[in-house]
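Note on naming: letters A, B, ... go to the chains in the order of the sequence lines (proteins, then strands), and numbering restarts at 1 for each one.
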There are 2 protein chains.
Amino acid sequence: MYEDLKYWYLRDHKLFRTLSFGQIRQLCIITGFKKAKKGEIIYFSSSDLPRIFLLKKGNIKIVAVDEDGNETIKDIIQKGDLFGELTLEADSQSNEYAKVLSDDVAICSFLMSDFEDLLLRNPSLALSYTKFVGLKMKRIKNSYSNLISKDAKTRLFQFLKDWAEKEGKKIGDKVVIENYLTQNDIAQIICTSRQTATQLLNEMETNGTIIYSRKEIIITDIRKL
Amino acid sequence: MYEDLKYWYLRDHKLFRTLSFGQIRQLCIITGFKKAKKGEIIYFSSSDLPRIFLLKKGNIKIVAVDEDGNETIKDIIQKGDLFGELTLEADSQSNEYAKVLSDDVAICSFLMSDFEDLLLRNPSLALSYTKFVGLKMKRIKNSYSNLISKDAKTRLFQFLKDWAEKEGKKIGDKVVIENYLTQNDIAQIICTSRQTATQLLNEMETNGTIIYSRKEIIITDIRKL
DNA sequence: ATAGATTTGTCGGCTAGATTACAGTTCCAC
DNA sequence: GTGGAACTGTAATCTAGCCGACAAATCTAT
């Protein structure tokens, strides 16, 4: 029963929609399943065998720690997203962990090697997966080129716009976003200092562009960026 | 005869080494072949059918032009590299062109759709290709995170190190790089202004770290970064 | 050889945003 | 509800590196 659930979880992802039950079952043989609560830290890169994860519920952030101990946010993973060794190449030296942002999360995972086998037997899945990785790459390129050529304010605008698009609830021209990020998180995502982020957010609030609280962010008029 | 050459060109790439002659021939049916000279501009993104290109000889830079007309260097492609619609997803809106940096180049290409067919018939190729794209993504992530967290000097060092590693000729502790880039190119690659790049390069020269000329760059001691 | 055109060298002034440093708020656990 | 921890607000410095401006060097074509 618990097992059946996992099938459905995978089945849900657009990538796996074309697969038969049998194929998904194959993937699931050694599948892991995990629940965690807010603030918990999940180490996944250096863990035993390389895996690919699917976040079934909630939000997490992927944090990388460099030699000097500096932490950078690599990615925000939302419900339905895949993460982990997406490149199918285990890299041991990267030091990353995931931190739970929402109240709780559900994660399922499968072994990279199982996935590879599946891809080998399933060329059209391999093709879609390549496109999937390609798309991810394109997104990264895009967001980075934003980081480089635009100033902090523009980056914040862009970030809010993206966030609203992905998760916001539209109510007329207003968009309401559930705010599970601290200002520090936001600052790290748009690559600026916490203080600058605070200042910009407050500025936007006095402008009337947004209504900010720790619980939610309301964009008063999405058309004005 | 000319045709045969193309087979060998593709065959050369590590990605295609596992393929049979017949398979490569299949790819080559509608293959293009092109030579160009220094300074020439090759439009490739918006061109007719989406293609994947293999640079057989020389160096080119991929330049993207944004709405405001700003030019950014997206990539430096070297002999043996693939470029074009690597994600297997034609994107019409991106406005990119290639400019020839070396004296002359030879480029061969094949249609994305042909390549897709080949991948479908060849799962293990599909898998290697996925890993190949994944690796590319990892490289991009890496270089971008450099851009963001390091200062201009460190970025220049890193760039020179990478360049030396890829193309330099080692002579003891010295490394000689054929310099086909202007200081402006270098500046764009490491995302700084031309003036800053000039200053840093001169500084390195007076330090004795490098010997710079328009023809070549000599790194006097590669171990000192 | 000579005239452009392209690349390099150099110099101040200027600004976005980092950094430091505290104070005020909100949250959560006991 | 109380104390501490985690967030948020604000202000005063300080600096890397951008920008404009121009001169010098080097390359290229006729």
Give the table of side-chain donor-acceptor pairs shorter than 3.5 Å for residues 146-159 of chain A, with sequence neighbours excluded, one pair per line with atom names and distance.
{"unit_1": "S149(A)", "atom_1": "OG", "unit_2": "S145(A)", "atom_2": "O", "d": "2.8"}
{"unit_1": "D151(A)", "atom_1": "OD1", "unit_2": "T154(A)", "atom_2": "N", "d": "3.1"}
{"unit_1": "D151(A)", "atom_1": "OD1", "unit_2": "T154(A)", "atom_2": "OG1", "d": "2.4"}
{"unit_1": "K153(A)", "atom_1": "NZ", "unit_2": "E203(A)", "atom_2": "OE2", "d": "2.8"}
{"unit_1": "R155(A)", "atom_1": "NE", "unit_2": "I190(A)", "atom_2": "O", "d": "3.0"}
{"unit_1": "R155(A)", "atom_1": "NH1", "unit_2": "K150(A)", "atom_2": "O", "d": "3.0"}
{"unit_1": "R155(A)", "atom_1": "NH2", "unit_2": "I190(A)", "atom_2": "O", "d": "3.0"}
{"unit_1": "R155(A)", "atom_1": "NH2", "unit_2": "C191(A)", "atom_2": "O", "d": "2.7"}
{"unit_1": "Q158(A)", "atom_1": "NE2", "unit_2": "D162(A)", "atom_2": "OD1", "d": "3.1"}

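- Remark: of the listed residues K35(B), K57(B), K34(B), K57(B) is the sole one forming a salt bridge (charged side-chain N to carboxylate O under 4.0 Å, His left out) with D104(B).
- Not counting sequence neighbours, E89(B) has no partner by the side-chain hydrogen bond (donor to acceptor under 3.5 Å, both in side chains) test.
- Listed by chain and number, the residues in a salt bridge (charged side-chain N to carboxylate O under 4.0 Å, His left out) with K38(B) amount to none (sequence neighbours excluded).
- The side-chain heavy atoms of L88(B) and M112(B), taken from C-beta on, include a pair separated by under 4.5 Å.
- Protein chain B contacts DNA chain C from dT7(C) to dT10(C), reading 5' to 3' and using non-hydrogen atoms of the protein with a distance under 4.0 Å.
- By the 30° and 60° cut-offs, the orientation of the rings of Y129(B) relative to F115(B) is perpendicular.
- Heavy atoms of other residues, nucleotides or ligands lying less than 6.0 angstrom from CD of E165(A) number 12 at most.
- Across all strands, T182(A) comes closer than 4.0 Å only to sugar-phosphate atoms, never to a base (heavy-atom distances).
- Remark: Y180(A) pairs with W163(A) by the ring pair (Phe, Tyr, Trp, His ring centres under 6.0 Å) rule, at least two apart or across chains.
- With hydrogens and angles ignored, the 3.5 Å screen pairs a side-chain donor or acceptor of Q188(A) with a backbone N or O of E71(A).
- T87(A) meets the side-chain hydrogen bond (donor to acceptor under 3.5 Å, both in side chains) test with K138(B); sequence neighbours excluded.
- Nucleotides of DNA chain D lying under 4.0 Å from heavy atoms of chain B occupy a range whose first and last members, 5' to 3', are dG17(D) to dT26(D).
- Under a 3.5 Å cut-off, the side chain of E205(A) and the backbone N or O of Y212(A) do form a donor-acceptor pair.
- Between its opening and closing five pairs, the helix from dA1(C)-dT30(D) to dC30(C)-dG1(D) changes axis direction by 50°, a value rounded to 10 degrees.
- Side-chain contact check for I52(A) versus L54(A): every heavy-atom pair is 4.5 Å or farther apart.
- Within residues 208-219 of chain A, the residues that place at least one heavy atom under 4.0 Å from DNA chain D are, in residue-number order, Y212(A), R214(A).
- Side-chain contact between D185(B) and I76(B): absent, with no pair of heavy atoms (C-beta onward) separated by less than 4.5 Å.
- For DNA chain D, the neighbouring residues in residues 195-204 of chain B, judged by any heavy atom under 4.0 Å, are Q195(B), T196(B).
- Residues meeting the salt bridge (charged side-chain N to carboxylate O under 4.0 Å, His left out) test with K141(A), sequence neighbours left out: none.
- Ionic pairing of D173(A) and R223(A) is present here: one or more N-O contacts between side-chain nitrogen and carboxylate oxygen are shorter than 4.0 angstrom.
- Sorted by residue number, the members of residues 142-151 of chain A with any non-hydrogen atom under 4.0 Å from DNA chain C read D151(A).
- Within the 3.5 Å criterion, the main-chain N or O of T209(A) finds a donor-acceptor partner in the side chain of T220(A).
- Each of R194(A) and A152(A) has a nearest nucleotide on DNA chain C; the 5'-most of these lies closest to A152(A).
- For K79(B), the NZ atom is loosely surrounded, since the number of other residues' heavy atoms within 6.0 Å does not exceed 12.
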